[in-house]
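All remarks here apply to the structure that follows.
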Amino acid sequence: SMTWVLFGHAFSNFQQQIPVTNMMTLFDKDGPLWNNPAFQAIENAFPSVDSFFFIGATLVSYSTLKQLDKQKGGSMKFWFMFYIHRYLRLTAVYGMAMFFVATLYRQFATGPTSFYMDTEVKACQDNWWVNLLYINNLQWQWESDAYPCLGQSWYLANDMQFFFISPLFIYPLYKSKVIGLIWCGIAVLVSTIVPTILSVVNDYPVSVGFMGTHFDFFVDAYVTPWCRFTPYICGIILGYILHKMRDQPKLKINPYFSLWIWAIAGAVGALVIYGLYPYGEEYLDNIFNPDYIAGSKAASAVYNGFHRLAWSVCLGWVILACSKGLAGPINSILSWPAWIPLANLSYCIFLVHIGVLTYFASSFTFSVTYTHILGVYWCLSMLCFSIFVAFLFAVGLELPMAHLERLLFASLGLGTFPEVKKD
C-alpha cells in the first residue's frame with residue numbers, strides 16, 4: 001500500500017513539477033496515461049489510503065481486545081496509556097519531520113523550481129501546531145487558502161481522530177457481541193450514507209481524480225473524517241472477528257465456496273479500481289471546462305458512497321483468508337519475511353516521500369519527454385531514495401524516541417524497564 005501511494009504521487013510529478021515537453025500528450029485521450037486502462041491502478045490509486053485505514057483499525061481492534069481480555073476489562077491506567085502511547089509514538093518522529101522541513105529543508109532548495117520546496121517550508125513554519133493537534137485535515141474548513149504542512153499528513157489527522165473514538169466501538173464489542181455489532185453496523189451505515197448525500201447535494205464528480213477545478217470536493221469530502229470513516233469501522237469489525245477466531249487455525253468452508261468468494265472479491269476490487277475508466281475520455285474532452293462534472297449524479301453518489309465499503313470488504317476477505325489458511329500462494333507472497341523490514345519503515349516512508357519527490361522534481365535543469373520507461377525509472381528511484389531517507393529517520397529518530405518513551409513510562413511506574421542482556 002505504501003508503494004502504491006508513493007507511485008501515485010510520483011506519477012503526479014510529471015503533471016505538475018517536472019518540466020515535460022509532451023505535457024499535452026499526457027492529457028490526450030489517445031495518450032500514454034490518462035485514458036490507458038492499464039494506468040487506472042495509478043490514476044485511481046486513492047483506495048490505497050483506505051487500505052491503511054482498514055489495516056490500522058484491524059490491528060487496533062485486535063490488540064485492544066486482546067489486552068481487554070488479559071486485564072479483564074481494562075483500567076484507568078490502561079486507557080490512559082492507550083491514548084498517551086499512541087500520541088507519543090506517532091508524534092515524536094512526525095514532529096521531527098516537520099521541524100526538518102521548517103528549518104533544514106530549505107538548504108536543499110537549489111533547483112530551478114525550488115519554490116515548491118519554499119512553499120512547504122513556509123507551510124510548516126506557520127501551521128506546525130495544527131498538525132501536532134491532528135486537526136490539519138479540517139484546516140480548510142476555517143482557512144480556505146491554507147497550504148498544509150506535509151500535505152499527505154491529512155491521513156494522520158484522520159487516523160488519530162478515528163483512534164481517539166475507537167474505544168466507543170471496541171469496548172461495546174468486548175462487553176456484548178450483539179450490541180457491539182449493531183452499534184458498529186450503524187456506524188458503517190451512517191459513514192456510507194453521509195458521503196452519498198454530500199455527493200448528491202453538492203453535485204460532486206465521480207472521483208477526486210476527476211475533480212478538476214472543484215477543489216471543494218477535496219476539502220469537504222475527501223480529507224474530512226465524516227467521509228473516510230467506513231474502512232476504519234470495517235477494520236474494527238474484522239479485528240473483532242479475528243479476535244474471536246484466534247484459536248481457530250483454519251476457516252472450515254467448502255473449497256469451491258472459498259474459490260467463489262475469491263472470484264467475487266477480486267471482481268469487486270477490480271471494479272473499484274478500474275470501474276472509472278469509462279469516464280476518462282469524457283473528462284479529457286472537457287478538462288479545460290471549469291463547469292464540467294465527471295459522471296452522472298447517480299454514478300457519483302454510488303461510487304463516492306459505496307466504493308470504500310466495497311474495498312474494505314474485499315480487503316477484509318484477503319486478510320481473513322490469509323490468516324485462516326484459505327489464501328495459498330497469495331499468503332506465501334504477502335507473508336514473505338523480506339517484507340518485514342520495509343513494513344517497519346512504512347511510517348517513515350510515508351512521512352518523507354513527498355519531501356523526497358519535491359526535492360528531486362525541483363532539481364531538474366532540463367526538460368524531459370515522458371515515456372513509460374522514464375516513468376518506471378522515476379518511480380523506482382524515488383522509492384529507493386525514500387526508503388533510504390526513511391531508514392535514516394527510523395534509526396536516528398523513531399527507534400531512539402520509542403526507547404526513550406519506554407524508559408520515561410518505566411521511570412513513572414507506568415511500564416517496565418527493558419531487559420539488559422548480559423553475555
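A donor-acceptor pair is defined here as one N or O able to donate and one able to accept, closer than 3.5 Å; no such pair exists between the side chain of Thr58 and the backbone of Leu238. Judged by distance alone, the side chain of Asn44 and the main-chain N or O of Ile273 form a donor-acceptor pair under 3.5 Å. The closest donor-acceptor contact from the side chain of Glu120 to the backbone of Leu150 lies at 3.5 Å or more, if one exists at all. Side-chain atoms of Ser63 come within 3.5 Å of backbone N or O of Leu59 as a donor-acceptor pair. Put simply, the side chain of Asn202 gets close to the backbone of Leu198: a donor and an acceptor are under 3.5 Å apart. Of the possible donor and acceptor atoms, one in the side chain of Ser75 sits under 3.5 Å from a partner among the backbone N and O of Phe78. Remark: the backbone N or O of Ile349 is paired with a side-chain donor or acceptor of His353 at under 3.5 angstrom. In this structure a side-chain-to-backbone donor-acceptor pair under 3.5 Å is present from Trp339 to Ile333. Not a single donor-acceptor pair under 3.5 Å links the side chain of Ser176 to the backbone N or O of Pro172. At least one donor-acceptor pair under 3.5 Å links the side chain of Trp378 to the backbone N or O of Ala10.
Nearest heavy atom pair, residue Pro148 against residue Ala123, reads O-CB, 3.5 Å. Between Leu397 and Pro400, the shortest heavy-atom distance links the atoms O-CD, 3.4 Å. The nearest pair of heavy atoms linking Ser207 to Leu276 is CB-CD1, 3.4 Å. Taking all atoms of both residues into account, the shortest heavy-atom contact from Phe210 to Ala294 is CB-CB, 3.5 Å. Of all non-hydrogen atoms in Leu357 and Gln17, the two that sit nearest each other are O-OE1, 4.5 Å. Nearest heavy atoms, Pro205 versus Asn304: O-ND2, 3.0 Å.
Summarising the geometry, atom CG belonging to Leu404 is positioned 8.5 Å from atom CG belonging to Leu408; distances are rounded to the nearest 0.5 Å. Distance check, rounded to the nearest 0.5 Å: NE2 of His9 to OG of Ser386 gives 11.5 Å. The CZ atom of Phe7 lies 7.0 Å from the CD1 atom of Ile42; values are rounded to the nearest 0.5 Å. Atom CD1 of Ile179 and atom CG of Leu173 lie 10.5 Å apart (nearest 0.5 Å). Once rounded to the nearest 0.5 Å, the distance linking CG of Leu345 with CG of Leu392 reads 10.0 Å. Distance check: Gln67 CD to Met81 CE gives 11.0 Å after rounding to the nearest 0.5 Å.
Evaluated for a side-chain contact (heavy atoms from CB on, under 4.5 Å) with Asp159, the options Tyr232, Phe164, Tyr134 yield exactly one hit, Tyr232. None of Asp126, Thr119, Asp118 except one satisfies the side-chain hydrogen bond (donor to acceptor under 3.5 Å, both in side chains) rule with Lys122; the exception is Asp126. Among Phe217, Phe218, Tyr303, the one residue that satisfies the ring-ring contact (aromatic ring centres under 6.0 Å, His included) test with Tyr204 is Phe217. If you run side-chain contact (heavy atoms from CB on, under 4.5 Å) between His307 and each of Thr230, Asp50, Leu271, only Asp50 comes through.
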* Asked: Can Asn331 and Ser335 be said to form a side-chain hydrogen bond (donor to acceptor under 3.5 Å, both in side chains), step by step?
  -> CA-CA 6 Å; Asn331 181 53; Ser335 301; 2.9 Å; yes

* Going through the distances and angles, do Tyr222 and Trp154 end up as a ring pair (Phe, Tyr, Trp, His ring centres under 6.0 Å)? -> CA-CA 10 Å; Tyr222 184 73; Trp154 66 265; 5.2 Å; yes

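When the shell of 6.0 Å around CZ of Phe388 is examined, it contains 12 or fewer heavy atoms from other residues, nucleotides or ligands. Around OH of Tyr83, the count of heavy atoms belonging to other residues, nucleotides or ligands within 6.0 Å exceeds 12. Residue Tyr147 places its OH atom among more than 12 non-hydrogen atoms of other residues, nucleotides or ligands, all under 6.0 Å distant. The neighbour count for Trp260 CH2, taken as heavy atoms of other residues, nucleotides or ligands under 6.0 Å away, does not exceed 12. Within 6.0 Å of CH2 on Trp183 lie no more than 12 heavy atoms contributed by other residues, nucleotides or ligands.
By the 30° and 60° cut-offs, the orientation of the rings of Trp262 relative to Trp317 is perpendicular. A tilted orientation is assigned to the rings of Phe229 and Phe169, their planes being inclined by 30° to 60°.
In this structure, Phe53 has its ring center under 6.0 Å from that of Tyr155. Ring-centre distance between Trp79 and Phe82: below the 6.0 Å cut-off. For Phe385 and Tyr359, the distance between ring centers is not under 6.0 angstrom.
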